[in-house]
Structures are given as structure tokens and as C-alpha cells.
Amino acid sequence: MSTPDPAFDAFLDRLPKAELHVHIEGTLEPETIFALAARNRVALAYPDVETLRAAYAFHDLQSFLDIYYAGASVLLTADDFHDMAAAYLEKAAADGVIRAEIFFYPQTHTARGVAMATVIEGLGRALDEARAKGMSCDLILCFLRHLSEEDAVATLEAALPFRDAFIGVGLDSSEVGHPPEKFARVFAEARRHGLHVVAHAGEEGPPAYIRSALDVLGVERIDHGVRCLEDAELTARLARERMALTVCPFSNVRLKVCETLAAHPLKRMLDAGLAVTVNSDDPAYFGGYLGANLRETCAALGLTRAEAVTIVRNGLAASFVDAATRAAFLARLEAAVAAG
Ligand code: ADE
Ligand code: ZN
């Protein structure tokens, strides 16, 4: 066990940060799920908050996704989407997040009869309010990889009338058996529209999925990517290309990608020269938001201040913002580091 270091924690808390891998539906706290179920008269399979929380004992990605999609079923109105995103953005700001790139999953909602416009209007309103308070934030639309590419194509088409409301597309849900190349056409189409592209790869899936995310989808960042370490040549390539990997330590422990935080590969990834960032993934399900992920991971792995700053710097540097904004973010970080 690591020794608590309040001064180190306070230093980490003060650093301006980017969160590049958070699913907005994964920020729905159990209490909010029950409040929205009551507001919208949606039946839940769990009698109360405690029982639901007790069900958060996952043994792999799929066992989590099954509960997670059930939780998202309480979201019906634009206000629901707004309230969920506003709650996340408030917590993120308290954690020192100055840049948030937020995944959302329209297919989970449109399949239940919720209109694309409802989802985007509600989320967009919360982001506008956060921007008015000084936060830089944007949405990334994610395709569910367990569904067909045709479904993803139809989803992109349905979202394009709201093209200005999101900056990119991503790929997530059940990884194994659904390799990136299944979505080659829809990613090419997204790139034609000038959208940024990212994909979950190498979380449960093999290093080959990271390769095809790079070579077939043309991604600009890899979400997770921890299994790259099984392939020395791929690791060297990712390091050489300064490809950002949005690592989510609490998620990896809770979904059994690694056994404990102390055994997490983040330190080995840093040592391999990879551009790793730390993120929360689904904080309401995995035990904490970005600040907690960073503090506890640094403590468990015995990372130095310099290593922690490198991780935070990597996140700001990998943000999808213009060069001047990125430079301003990095200058804010260096000022915070200099202030100690
Ligand atoms: N959706 C939400 N969290 C996810 C994860 N960690 N991997 C794949 N899909 C997800
Ligand atoms: Zn994720």
C-alpha cells in the first residue's frame, strides 16, 4: 500500500487538466438513475440504490455494459441529458478540468425512440452553460461496435444535421469480435466531414485492433490501448508517432483488465515513452472521477511529480483544439507547476 501524501494530492488537484475519455452516460450516479426513473416513470430491475450499487461487481467489459445500458434507459427528455451533463461538468470543473471531450452514445437512446435532436439539444445546452463559466468542452459521438456498420452509417447521417454540435466520432462497446475494420466506411465518411476520429482499442481486444484503428480508421488517439505492451514493435511505433492513449486506470481495475491499481501498466507505458493520459471512462460506475483516478494511480504506482505532470501535459497536448488554445492550456499548466 502506498502512503498518503496530502501535499502531492493537493499539487495534483491544482493542475489544470484535460479529460479526453469520459462517457456521459457513465457519469449517471445511482441516485440520479432512480430520480430520473421516478420522473419519467421508467421501471428498473433493481428495487433501490443500494441494490443497484451492489450489482456494480463486474467481471469483464460485457458484464458492465449490460448494467450500463439498463441505467441509461431512464434518459428520455432533453432536460434529462442536460442535467446529467451539467452534473458531470460541475464535478469536472471542481477537479481542475479545463478541457473536456465527452463521448455520447446516440444509438442507446435512438433505439428506445428518443430523437437525436433531443439528445444533442440537452447535452449541448449543458456544454454551453459550462463554456459560459470558462470551461472548454466538446462532444464526440460514439458508435456502438456490437451493432452493424449500417446502423453506424444511419446514426452518422441522423447526426449530420447537428454537425456543429460535435467535433468527432469514436467507437466503443463490446470490443472482442468487433474489430475496428468493421467500421472502415463510416469512419472514412466521418473524416470526409472533417470530424476527428478516435476508437477504443486494446482494452480487452488484442494489439492487432490498435493497429487497425490506426491504419484502417486513421484514428488520432487510441482510447485505452493498454494491451499495446504485448507487442514491442507496436509500442515503439506508438511512442515514435506520439500517439496519445487515453488510459482509464479505475476502469481497468473494475473491468479486470488488470488486477489492482498497483499492477496497472501505466508506469510501464510511461517508461516506454508512450503519450499516456489519465481519464475516468465511466466514473459513476468505477469508483471516481478524474481527480481521484489521478491521485490514487500516482500513489499506487509511486509516480513522481514530474511523471504526473507529464501525464497531465500529454492530456492537454492531445486535446482537439486549435494550436493557440493548446499553447494557452500548456502555459497554464507550466504556471501551475512553477507555483508548486
Ligand atoms: N462504454 C463505456 N465504457 C466503455 C469501455 N470501457 N469500453 C468500451 N465501451 C465502453
Ligand atoms: Zn471508454
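The first residue of the sequence shown is numbered 1, and numbering continues consecutively from there. Both counts, for ligands and for their atoms, begin at 1 and track the order of listing.
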- [ ] Taking all heavy atoms of Cys228 and all of Thr235, pick out the closest pair and write down the distance.
- [x] O-OG1, 2.8 Å
Open item on the list: Within this structure, what is the NZ-OG distance for the pair Lys91 and Ser280, rounded to the nearest 0.5 Å?
Closed with: 10.5 Å
Task: His224 to ligand 1, any heavy atom closer than 4.0 Å - done: yes
Task: Heavy-atom nearest neighbour in the protein, as seen from atom 6 (N) of ligand 1, with distance rounded to 0.1 Å - done: Asp281 OD2, 2.7 Å
TODO: Would you mind running through ligand 1 and noting each atom that sits below 4.0 Å from a heavy atom of Phe64?
DONE: 2 (C), 3 (N)
Open item on the list: Students often mix this up, so state it plainly: with edges at 30° and 60°, are the rings of Phe320 and His196 parallel, tilted or perpendicular?
Closed with: parallel
Task: Distance (rounded to the nearest 0.5 Å) between Leu127 CG and Ile24 CD1 - done: 8.0 Å
Task: Shortest reach to atom 8 (C) of ligand 1 by a heavy atom, considering only Ala201, Ser173, Ala72 - done: Ser173
TODO: State the atoms of ligand 1, each with its element, that fall below the 4.0 Å cut-off from a heavy-atom position in Tyr105.
DONE: 1 (N), 2 (C), 9 (N), 10 (C)
- [ ] Quick one: closest heavy-atom pair of Val278 and Pro249, and the distance?
- [x] CG1-CD, 4.0 Å
Open item on the list: Check this for me - ligand 1, Asp282, N or O atoms closer than 3.5 angstrom, yes or no?
Closed with: yes
- [ ] To the nearest 10 degrees, calculate the angle at the Zn ion (ligand 2) involving NE2 of His21 and OD1 of Asp281.
- [x] 80°
TODO: With heavy atoms only and a cut-off of under 4.0 Å, state how Glu203 meets ligand 1: side chain, backbone, both or neither.
DONE: side chain
Task: For Leu65, the ligand 1 atoms whose distance to one of its heavy atoms is below 4.0 Å - done: 1 (N), 10 (C)
Task: the Zn ion (ligand 2) reached by Asp282 (N, O or S, under 2.8 Å) - done: no
Open item on the list: Strictly under 2.8 Å, is the Zn ion (ligand 2) approached by any N, O or S atom of Cys248?
Closed with: no
Open item on the list: Can you see whether Phe11 has Arg305 sitting over its ring - NZ or CZ less than 6.0 Å from the centre and within 45° of the normal?
Closed with: yes
Task: Nearest heavy-atom neighbours spanning Ala100 and Leu89 - done: CB-CD2, 4.5 Å
Open item on the list: Please give me the minimum heavy-atom distance between His146 and Ser174, naming the atom from each residue.
Closed with: CB-OG, 4.0 Å
- [ ] For ligand 1, find out whether one of its N or O atoms is nearer than 3.5 Å to an N or O atom of Tyr68.
- [x] no
Task: Shortest non-hydrogen contact between Ile33 and Gly71, atoms and distance - done: CD1-CA, 3.9 Å
Task: Whether Asp223 lies under 4.0 Å from ligand 1, heavy atom - done: no
